[in-house]
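Just so it is clear: chains get the letters A, B, ... in the order the sequence lines come, proteins before strands, and each one is counted from 1.
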Amino acid sequence: MEIPTKYNPKETEEKWYRFWEENRFFHAEVNPQKKPYSIVIPPPNVTGILHMGHALNSAIQDIYIRFNRMRGKEALWIPGTDHAGIATQNVVEKMLMRKGIKRHDLGREKFLVEVWKWKEEYGSTIIKQLKKLGSSCDWERTRFTMDSVFSDAVSEVFIELYKKNLIYRGNYIINWCPRCQTALSDEEAHHRQTEGMLYFIKYPIVSTCGDRSHHAHPQKLRDLSPPNDHVVVATTRPETMLGDVAICVNPKDKRYKHLKGKKILLPIAEREIDIIFDSKVDPKFGTGVLKVTPAHDPLDFELGLRYSLKPLNVMNEDATMNEAAGEYEGMDRFECRETLIQDLKDRKLFVKTEPHIHGVGHCYRCNTMIEPRLSKQWFVRMKPLAKKAGDVVRKGKIKFYPKRWTKVYLNWIDNIRDWCISRQIWWGHRIPVYYCKECQVTKGRKPACRTGRDERTRDDKKGVIVSKTKPEKCPECGSTDIEQDPDVLDTWFSSWLWPMATLGWPFKTKDEVPKGRRDERTRDEKDKAELSYFYPTNVLVTAQEIIFFWVARMIMAGLEFAKDIPFKDVYIHGTVRDDTGKKMSKSLGNIIDPLKIINEFGSDALRFSIVSITAQGQDIFLSPQKFEIGRNFANKLWNASRLVLLNLKEDLVKKDLCQMTQDPSLTLADRWILSRFYSCLSDFSKSLDSYKINDAANRIYDFLWHEFCDWYLEMAKLTIDEPHTQVTLYKVLEKSLRVLHPLMPFITEEIWQRLPREHGTKSIMITSWPHAQKEFINETIDREMQLLINIIQSVRNMRAAWRIDHKMKLDIIVCSGSKRVADTLNKNSSYVQKLAGVKKLEVSKISKKCAHSAVSVIEDIEIFLPLEGIIDIEKEKKRLTEKRDKLKECLVRAQGKLKNKSFVSKAPKNVVEKAKEYASLLQKELGSLQRNIDLL
RNA sequence: GGGCGAUUGGCUCAGUUGGUUAGAGCGUUGCGUUCACAUCGCAAAGGUCGUAGGUUCGAGUCCUACAUCGCCCACCA
């Protein structure tokens, strides 16, 4: 059988991927004969390019899909992308800007046409890249969150929530990104410790009792000196003081008792504002005086509601100051800050600044500093949804791996806050809400800010029509003056439906899908509804960053709409970092491009390497050098397979393995490697089942490299033409390839295709998982083989210690009183001879005194290597003495343990037995070592 | 302010419910290319498992405190 000397990953990868796709091996169908196994990909952002996080994520999922496909399940892996509203809009806007076109010049319709164009052209980049990894997704079902079928699901859900009173619209403080000019949810505002300044500003007190001396008149402000005349306010955002409507102190704060009944003259704006008392204010912070700016701060907003203070908005959507800011109108927020401080200084109202580190929200898309802003937005009432989502995890219906994420999840769920879902951008699912202008004008509406965030005002329902399509006329007043809400929904409002929507929700089976319903942009295939078969999916594999964004919300949506959990297991893998522990990011320039790695090392190498260093839930520190693990392993496997393939005789391998258990022609080595293989197989499956992927990877690596290659192949060379070796070689290699296939799909396919085939199976990826044949696992065999290995290693060790030429064949004498040892050695002397370079192997039942010999002692076995003239007796004595001393230490410890009565009485029997055995073994070993030292 | 994780040979990390002699890869040292493989083989050196207590017959593993690093959450203006 022919096989190239060198393995060529690139060629192999292309060839087999095409083959798999053409044969539709990735495709899964509803198949009542089989059990379903399904995964949905965490949809990458459509603007994204493949990074190591994706590579890790996809590698893991592909392993599980291939593993379960081979285990005979109908394995479905649905791929796709999400439309990433803000990110995509930003990308397209930037692209247009280069042509000198602004979004608003185009208008909404035309801009969206541009976005779709962009999507058609670049949107599948990440999909193509995922294929390079060997991902066996069912590409025929590729989904996009803006597909019309998906959009239907989104409006359906919106309307259902609205009907259930779980969606409301209101005026609240939200996170506003001035650059993207849209609201963001709390999760999208990434809080970072930021160095800022705390500005201390004097606020003059206005006396209400008419006392002239305390009446702060603008002209007299300069002369304010007694502290009774002013309070000092500390703030990090002085520009917002233009919107102050009160100051607030803690009622328990003795320092400010005198403020009762007084008012403050707000500097610059020259407005009289109230002084309120509330325990929310921390007396220890700053001066203990809080300026209250309800339109620009969440806490202040709350106080505003409580004390009926009317918010005053002083900023525009782009964070420049508006007309309410008077002379500062038009200035940027930071420019205004500086100017304002200067003006305060001029008026002697400025006290000082202090450096101050505090958490500041940043837009998770463009990193701009977030401005809390009062505006009217749509919210989802989360508490009712979260209740059920918490319960299914608490009851163990959904399990997190590693466990500790359960707590993180529950903590968020139990303290959930309402979700702001409207976005002031154009790219996304338009909110299915229409406003009747007539109703809104006639009924009038008050701002909703009189109530808390969880309350909806009745006024908000007036003139609001929630509908999938635009109604012809207002159902209440009949007016046709109807407009759709201009906003779109948060991208996650579609992503949270991913597992159910990709499977056809709201339809459970194909038959439920109404005729004529199809997605004009996609193939008919996608209209299949297979919810009842594939849902709930088996596992969600994802990164910790999106537990709140996505995982928690999918659970809520699944339970609420599909009436069942979306997945049973959640595997949270670590974050990919560089070798100094920093998160990989473009801006840091520490990215390792997976495509480059694939190019250099191969896809299998990438997959194997990354997976073998992913301890469950631990972050992964990568450097390009780490990928050598996989590359070297692939190389080793290739070469081992070459050895086998070059020697295999096709007619000799077609033997049923089951009959081989009893085959008398099998040697110790044959039986041993079979035993080791089945033990490996069992461990491998167990590890994968408990999401210990690195354990599985390392187990098969150790088996193939250190058991199969290092020992079995070397031994097999002796009898390579004999039928028993032929069969064993073939069986073990063929089965190992199958076990390894989920991890390294390409190279295993390439080798497997070159093996003589027993059945007509077309590809390794659709073969069945090796049957666990426990009867081959044999501890006695393992022990006997271990004995041979130990002896061989001892001889090699002595060889190295005495610098004996490799080519020189040695005579050795092995002494042991044990019949088992003698039998094993006599039967298998050829292995020792071959692997240790031994000419004559003498086995003796009694210890022989051998002069001028190097000596090794293993348990109760003595190995003599007569080396007259080569070894230096004194040096050998020294070598042995050192060994003896180490042994002695061990023995003292072991015996000490046995002398401990508590140990003997309290420890489990088997542990004591083992300890005794160990001690006596040490004693024997020490004895013969000592005897040999004396003899020398 | 809460919560979580990490701390093991020069480096990067494994180590299941406590149980003999703590593993691996890379690196280091010595030896070795006759036909599977130098992306290799053989052999070796290197660790009082962050610190201090505690529980236990027995602790890298469990408990408490501390230290260092990292992450997440929270309305400190």
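With a 3.5 Å ceiling on both atom-pair distances, B:G58 lacks any Watson-Crick or G-U wobble partner. Under the Watson-Crick or G-U wobble criterion, with both distances below 3.5 Å, B:G18 is left unpaired in every strand shown. Under the Watson-Crick or G-U wobble criterion, with both distances below 3.5 Å, B:C35 is left unpaired in every strand shown. Nucleotide B:C69 is matched to B:G5 when pairs are restricted to Watson-Crick or G-U wobble geometry with both distances under 3.5 angstrom. With a cut-off of 3.5 Å on both Watson-Crick or G-U wobble distances, the partner of B:U64 is given as B:A52. The partner of B:C42 is B:G30, judged by Watson-Crick or G-U wobble contacts that both fall below 3.5 Å.
With no hydrogens or angles considered, no side-chain donor-acceptor pair links A:N635 and A:K6 at under 3.5 Å. There is no side-chain donor-acceptor pair under 3.5 Å between A:D418 and A:Y172. Side-chain contact, A:N698 with A:D702: no donor N or O sits under 3.5 Å from an acceptor N or O. Side-chain polar atoms of A:N790 and A:Q786 form a donor-acceptor pair below 3.5 angstrom. A side-chain N or O of A:D244 and one of A:Y203 form a donor-acceptor pair less than 3.5 Å apart. When only modelled atom types and interatomic distance are considered, A:S279 and A:N250 share no side-chain donor-acceptor pair under 3.5 Å. With no hydrogens or angles considered, no side-chain donor-acceptor pair links A:E750 and A:W638 at under 3.5 Å. Side-chain contact annotation: A:R699 with A:S679, donor-acceptor N/O pair under 3.5 Å present.
At whole-Å resolution of the value, OH in A:Y701 and C1' in B:A24 are 9 Å apart. Atom CD1 of A:I613 is separated from atom P of B:G15 by 14 Å (rounded to the nearest Å). In this structure, NE2 of A:H190 is placed 14 Å from C1' of B:A74, rounded to the nearest angstrom. Distance, A:D278 CG to B:C75 P: 17 Å, rounded to whole Å. As rounded to whole Å, 15 Å separates atom P of B:U16 from atom CG of A:N698. As rounded to whole Å, 9 Å separates atom C1' of B:C75 from atom CG of A:D300. Distance A:E628 CD to B:U12 P: 17 Å, rounded to the nearest Å. The CD1-P distance, from A:I547 to B:C73, rounds to 10 Å in whole Å.
For B:C76 and B:C72, the P atoms lie 15 Å apart once the distance is rounded to whole Å. A distance of about 14 Å separates the C1' atoms of B:C26 and B:A14, rounded to the whole Å. Taking the C1' atom of each, B:U55 and B:U61 are spaced 14 Å apart, rounded to whole Å. Separation of the P atoms belonging to B:G50 and B:C35 is 46 Å when rounded to the nearest angstrom. Straight-line distance between the P atoms of B:G19 and B:C49: roughly 16 Å, to the nearest whole Å. Using P as the reference atom, B:G5 and B:G30 are 44 Å apart when rounded to the nearest Å. Comparing the P positions of B:C63 and B:G18 gives an interatomic distance of 11 Å, to the nearest angstrom. Taking atom C1' in both B:G46 and B:U64, the straight-line distance is 34 Å, to the nearest Å.
Taken from CZ in A:R306 to CG in A:D278, the straight-line distance is 4.5 Å, to the nearest 0.5 Å. A:I804 contributes atom CD1, which lies 5.5 Å from atom CG of A:L865 (distance to the nearest 0.5 angstrom).
The pair A:R255-A:D253 meets the salt-bridge criterion, with a side-chain N (NZ, NE, NH1 or NH2) lying under 4.0 Å from an Asp/Glu carboxylate O. Between A:D300 and A:K291, none of the side-chain N atoms (NZ, or NE/NH1/NH2) sits under 4.0 Å from a carboxylate O, so this pair counts as no salt bridge. A salt bridge does not link A:R879 with A:E882: none of the charged nitrogens is closer than 4.0 Å to a carboxylate oxygen. Remark: A:R631 does not engage A:E600 in a salt bridge, criterion side-chain N to carboxylate O under 4.0 Å.
In this structure, A:P908 and A:E187 both approach RNA chain B, and ranking their closest nucleotides by distance from the 5' end singles out A:P908.
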query = Along nucleotides 33-42 of chain B, 5' to 3', which nucleotides get a B, which get an S, and which get a -, given that the test is a protein heavy-atom distance under 4.0 Å?
reply = S--BB-BSSS
query = Which parts of nucleotides 59-64 of chain B does protein reach within less than 4.0 Å, heavy atoms only, written one letter per nucleotide 5' to 3' as B for base, S for sugar-phosphate only and - for none?
reply = ------
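Each of B:A77, B:C71, B:C57 was ranked by its minimum atom distance to the side chain of A:D297; first place goes to B:A77. Distances were taken from every side-chain heavy atom of A:R893 (C-beta onward) to each of B:A74, B:C72, B:U21; the shortest belongs to B:U21. Residue A:V911 places its side chain closer to B:G19 than to any other of B:G19, B:A77, B:U12. Comparing B:A77, B:A14, B:C57 against the side chain of A:D695 picks out B:A14 as the nearest. Taking the side chain of A:K886 as heavy atoms from C-beta on, and the options B:A74, B:A45, B:A77, the nearest nucleotide is B:A45.
Under 4.0 angstrom from either OP1 or OP2 of B:A77 there lies at least one side-chain N or O belonging to A:H358.
Counting heavy-atom neighbours within 6.0 Å of A:K834 NZ, excluding the residue itself, gives a total above 12.
A:R237 comes within contact range of no nucleotide atom at all, as no heavy-atom separation falls under 4.0 Å. Using a 4.0 Å heavy-atom cutoff across all strands shown, A:L290 reaches at least one base atom of the nucleic acid. Contact annotation for A:E917: no contact, since no heavy-atom pair falls under 4.0 Å across all strands.
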Listed pairs, N/O of protein and of nucleotides 2-5 of chain B, under 3.5 Å:
| unit_1 | atom_1 | unit_2 | atom_2 | d |
| --- | --- | --- | --- | --- |
| B:C4 | OP1 | A:K407 | NZ | 3.0 |
| B:G5 | O2' | A:Q618 | NE2 | 3.4 |

